[in-house]
**Student:** 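Sharing a structure below in structure tokens format, with a few things to ask.
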Protein chains: 2
Amino acid sequence: MRPSRRDELVRKAFHVFYRHGFHATGMDTLVRETGISKTTMYNYFSTKDELILAVLRLRDEEFRNRFTRRMQQLANTPAGQMLALFDVLDEWFHEEGFCGCLFIKAGAEFQDHSDPIHVQAAEHKRVLQEQFTAMAREAGARDPRDLASKLMVLKEGAIVLAVLGNKDEAIRNAKGAAQLLIETATGQQVEAA
Amino acid sequence: MRPSRRDELVRKAFHVFYRHGFHATGMDTLVRETGISKTTMYNYFSTKDELILAVLRLRDEEFRNRFTRRMQQLANTPAGQMLALFDVLDEWFHEEGFCGCLFIKAGAEFQDHSDPIHVQAAEHKRVLQEQFTAMAREAGARDPRDLASKLMVLKEGAIVLAVLGNKDEAIRNAKGAAQLLIETATGQQVEAA
DNA sequence: GAAAAAGATTACCGATCAGTACATTTACAA
DNA sequence: TTGTAAATGTACTGATCGGTAATCTTTTTC
């Protein structure tokens, strides 16, 4: 049981689900796009939902790792790193193939709150918010959870409007609002990169 | 050609699409849920996509009417009315059957930017932002479009986190951030209702 | 080099997909 | 009362849905 083949499936399935949606993508489409036979898929995952869950888990880990690492690269101070979230978002928005947040899509397509896929999507947001809360605490915010939650609101809003509106306007306004919030919450000036 | 029957179809189709998604809802499901025969449906709309477009148009009009009217009811000053957006959102979040924004879902399920359904969803956000811009101008904001866009970001973010996280936390933080933004942009104090 | 594990191939299952054909019923207007 | 159009029920199309079974080929492992 090589893990590489399974990872390859999950990674390619992510791209198809991300671009075309979960319900709109059939297993036969995945066979065609990935070149992996259906038998092999169902050896690794007994249902389509389990494959989707595996895709969400992989994306969750990679997405959070990438964002936190890049935020730390772009600024020195904790407060600056929080603001840099919106520069990382900016980079992401302008990548080729960007079409929104996989977890927002998952939450939208699997609305039932008891559905494991919905739960997994919600979990991603919860963990991310906890990471932001830790950063806000480091930055000396009066109410770290409060600041982190407000930045989360700005982040999700920016993503939605990047898809349905103007990327640059969305990120500019989200970042502007974030700067005001961070400065108000920490009492320190933060320079926009 | 009575318009009431067609409206009834669109209205009931909205509820099913809203709750279960577009791709996940088949035309046979709509027949079962609405009690309207498939033949009648295809008399009014020649494709499923056209029905979806009609649903979006109806929802767009009713949603914007309701929100602007309720915002005006809840506050007297223009600035207060803008902040009241988040009280109206709060009411909406706690309605039975709330499960997010139909236009965010439409934009997520129909990702192609040239798809008429995606265009229609984006148009809803654009018109709403124009309405907010007019209100921000009335409220004396230095840069009305800037304030309106920032409030849009907060609104969309609150909706996403109301679905995938905690409704009360989302609305509390969005409103708190909005108050700071409105006061900064207009230079006047705004009381939270 | 042989056993065994993994993958591919192909064909298939019943159910559902969007959409259509057609004959029947309802409702309203002349 | 009759003519007409809207609305209906039923049955159907070919395609696709998620998932399975059996057979064959490749790769790994001892």
**Student:** Show which side-chain atoms of residues 49-60 of chain A pair as donor or acceptor with protein atoms under 3.5 Å away, not counting sequence neighbours.
**Tutor:**
| unit_1 | atom_1 | unit_2 | atom_2 | d |
| --- | --- | --- | --- | --- |
| A/E50 | OE2 | A/S46 | OG | 3.0 |
| A/D60 | OD1 | A/R64 | NE | 2.8 |
| A/D60 | OD1 | A/H124 | ND1 | 2.6 |
| A/D60 | OD2 | A/R64 | NH2 | 3.1 |

**Student:** How many whole angstroms separate atom CG of A/L51 from atom P of D/dG19?
**Tutor:**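 Taking CG of A/L51 and P of D/dG19, I get 10 Å after rounding.
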
**Student:** Is A/Y44 close enough to C/dA6 that one of its side-chain N or O atoms is under 4.0 Å from OP1 or OP2 there?
**Tutor:**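 Indeed not, no polar side-chain atom of A/Y44 lies that close.
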
**Student:** Please set out all donor-acceptor pairs under 3.5 angstrom arising from side-chain atoms of residues 179-190 of chain A, sequence neighbours excluded.
**Tutor:**
| unit_1 | atom_1 | unit_2 | atom_2 | d |
| --- | --- | --- | --- | --- |
| A/Q179 | NE2 | A/V190 | O | 2.8 |
| A/E183 | OE2 | A/V190 | N | 3.1 |
| A/T184 | OG1 | A/L180 | O | 2.7 |
| A/T186 | OG1 | A/I182 | O | 2.8 |
| A/T186 | OG1 | A/Q188 | N | 3.3 |
| A/Q188 | NE2 | A/A139 | O | 3.0 |

**Student:** C/dT16 C1' sits how many Å from B/L30 CG, rounded?
**Tutor:**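 Whole-Å distance recorded here is 14 Å.
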
**Student:** Restricting to side-chain hydrogen bond (donor to acceptor under 3.5 Å, both in side chains), what partner residues turn up for B/E95, sequence neighbours left out?
**Tutor:**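 With neighbours one apart ignored, the set is B/R66.
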
**Student:** Could you see if B/V119 belongs to whatever hydrophobic cluster contains A/L161? Use Ile, Leu, Val, Met, Phe, Trp, Tyr and a side-chain cutoff under 4.5 Å.
**Tutor:**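 No, it is not one cluster - the side chains of B/V119 and A/L161 are not joined through contacts under 4.5 Å.
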
**Student:** Produce a footprint string for nucleotides 18-24 of chain C: one letter per nucleotide, 5' end first; B if the base is under 4.0 Å from any protein heavy atom, S if only the sugar-phosphate is, - if neither.
**Tutor:** SBBBB--

**Student:** CG of A/N43 versus C1' of D/dT26: gap in Å, rounded?
**Tutor:**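 Going from CG in A/N43 over to C1' in D/dT26 covers 15 Å.
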
**Student:** Between P on D/dT10 and CD1 on B/I36, what's the gap in Å once rounded to a whole number?
**Tutor:**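 It works out to 17 Å between those atoms.
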
**Student:** With sequence neighbours excluded, what pairs up with B/H23 under the ring-ring contact (aromatic ring centres under 6.0 Å, His included) test?
**Tutor:**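 With neighbours one apart ignored, the set is B/F110.
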
**Student:** Not counting sequence neighbours, list each pair that qualifies as a salt bridge (Lys or Arg N to Asp or Glu O under 4.0 Å) and has a residue in residues 135-151 of chain B.
**Tutor:**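 Found A/E169-B/R145, B/D146-B/K150.
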
**Student:** Taking only the side-chain nitrogens and oxygens of A/S37, find out if one of them lies under 4.0 Å from OP1 or OP2 of C/dA8.
**Tutor:**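 For C/dA8, OP1 or OP2 has a side-chain N or O of A/S37 closer than 4.0 Å.
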
